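Throughout, numbering of the chain's residues begins at 1 and tracks the sequence. None of the values given here were measured: they were computed from a predicted structure.
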Amino acid sequence: QVQLVESGGGLVQAGGSLRLSCTASGIGFSGKTMLWGRQAPGQQRELVAHITSDGITNYADSVKGRFTISRDNAKNTVYLQMNSLKPEDTGVYYCAAKLGGFNAWGRGTQVTVTV
């Protein structure tokens with residue numbers, strides 16, 4: 001079965017850094033575009049970044065210059081390095097794999113950025 005498990009969330013002060021990891025199984029990882037999204041309370045899910053199978057990246061304007069998405073195909077893992085964190089970055093962060101007609105999402109990891 002498809003499984004995506006996020007880790008690395010936590011509580012940090014504004015200006016701090018955090019690295020999220022997502023390990024995938026059952027998806028043929030190396031050939032898939034991987035995504036990170038986030039959702040704040042009462043808000044719709046927002047796409048944060050993606051990385052294609054050959055390493056092309058794209059970022060939401062709100063995180064450009066601060067976040068970096070990367071992947072390690074040998075570990076079936078996608079990362080999101082988050083620097084210069086702001087309180088508005090707070091939310092549940094999810095990873096997903098593009099599986100053709102739909103995205104398979106993990107259960108998420110909480111990121112809280114305090115003032």
Positive for side chain to side chain donor-acceptor pair (under 3.5 Å) with Tyr93, one of Gln110, Glu6, Arg38: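 Among Gln110, Glu6, Arg38, the one meeting side chain to side chain donor-acceptor pair (under 3.5 Å) with Tyr93 is Arg38.
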Whether the side chain of Arg71 engages the backbone of Thr52 through a donor-acceptor N/O pair (distance < 3.5 Å, no angle test) should be reported.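 Between the backbone of Thr52 and the side chain of Arg71 there is a qualifying donor-acceptor contact (under 3.5 Å).
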Heavy-atom pair of closest approach, residues [X] and [Y]:
| X | Y | result |
| --- | --- | --- |
| Thr109 | Gly9 | OG1-N, 3.2 Å |
| Tyr94 | Gly106 | CD2-O, 3.4 Å |
| Leu18 | Gly10 | CD2-N, 3.7 Å |
| Tyr79 | Asp72 | CE1-CB, 4.0 Å |
| Thr90 | Ala40 | O-CB, 3.8 Å |
| Ala24 | Phe29 | CB-CD1, 3.9 Å |

State, without any angle test, whether Ser17 and Asn83 hold a side-chain donor-acceptor pair at a distance under 3.5 Å.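 Yes.
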Distance (rounded to the nearest 0.5 Å) between [X] [atom1] and [Y] [atom2]:
| X | Y | atom1 | atom2 | result |
| --- | --- | --- | --- | --- |
| Cys22 | Asn76 | SG | CG | 10.0 Å |
| Thr112 | Asp89 | OG1 | CG | 11.0 Å |
| Asn103 | His50 | CG | NE2 | 11.0 Å |
| Leu20 | Phe67 | CG | CZ | 8.0 Å |

Intermediate values then yes/no, side-chain contact (heavy atoms from CB on, under 4.5 Å), Ile27 and Leu99: CA-CA 8 Å; Ile27 65 166; Leu99 300 180; 4.2 Å; yes
Check whether any side-chain heavy atom of [X] sits under 4.5 Å from a side-chain heavy atom of [Y], and report yes or no.
| X | Y | value |
| --- | --- | --- |
| Met34 | Leu80 | no |
| Gln81 | Arg19 | yes |
| Val2 | Trp105 | no |
| Arg66 | Lys86 | yes |

Look at the side-chain heavy atoms of Ile, Leu, Val, Met, Phe, Trp and Tyr, link any pair under 4.5 Å apart, and say whether [X] and [Y] land in one connected group.
| X | Y | result |
| --- | --- | --- |
| Leu47 | Ile56 | no |
| Ile51 | Leu35 | no |
| Tyr59 | Trp36 | yes |

Take Met82 and Val12 through the test side-chain contact (heavy atoms from CB on, under 4.5 Å) and record every step on the way to the result. CA-CA 11 Å; Met82 305 185 295; Val12 297; over 6 Å; no
Test side-chain contact (heavy atoms from CB on, under 4.5 Å) on Val113 and Glu88; report intermediate values, then the result. CA-CA 8 Å; Val113 184; Glu88 50 263 45; over 6 Å; no
Under the criterion side-chain contact (heavy atoms from CB on, under 4.5 Å), I'd like the reasoning laid out for Ser21 against Lys75: C-alpha separation, chi angles, the key distance, then a yes or no. CA-CA 11 Å; Ser21 300; Lys75 297 181 178 179; over 6 Å; no
When you check the gap from the basic side-chain N to the acidic O, do Asp61 and Lys64 get nearer than 4.0 Å? yes
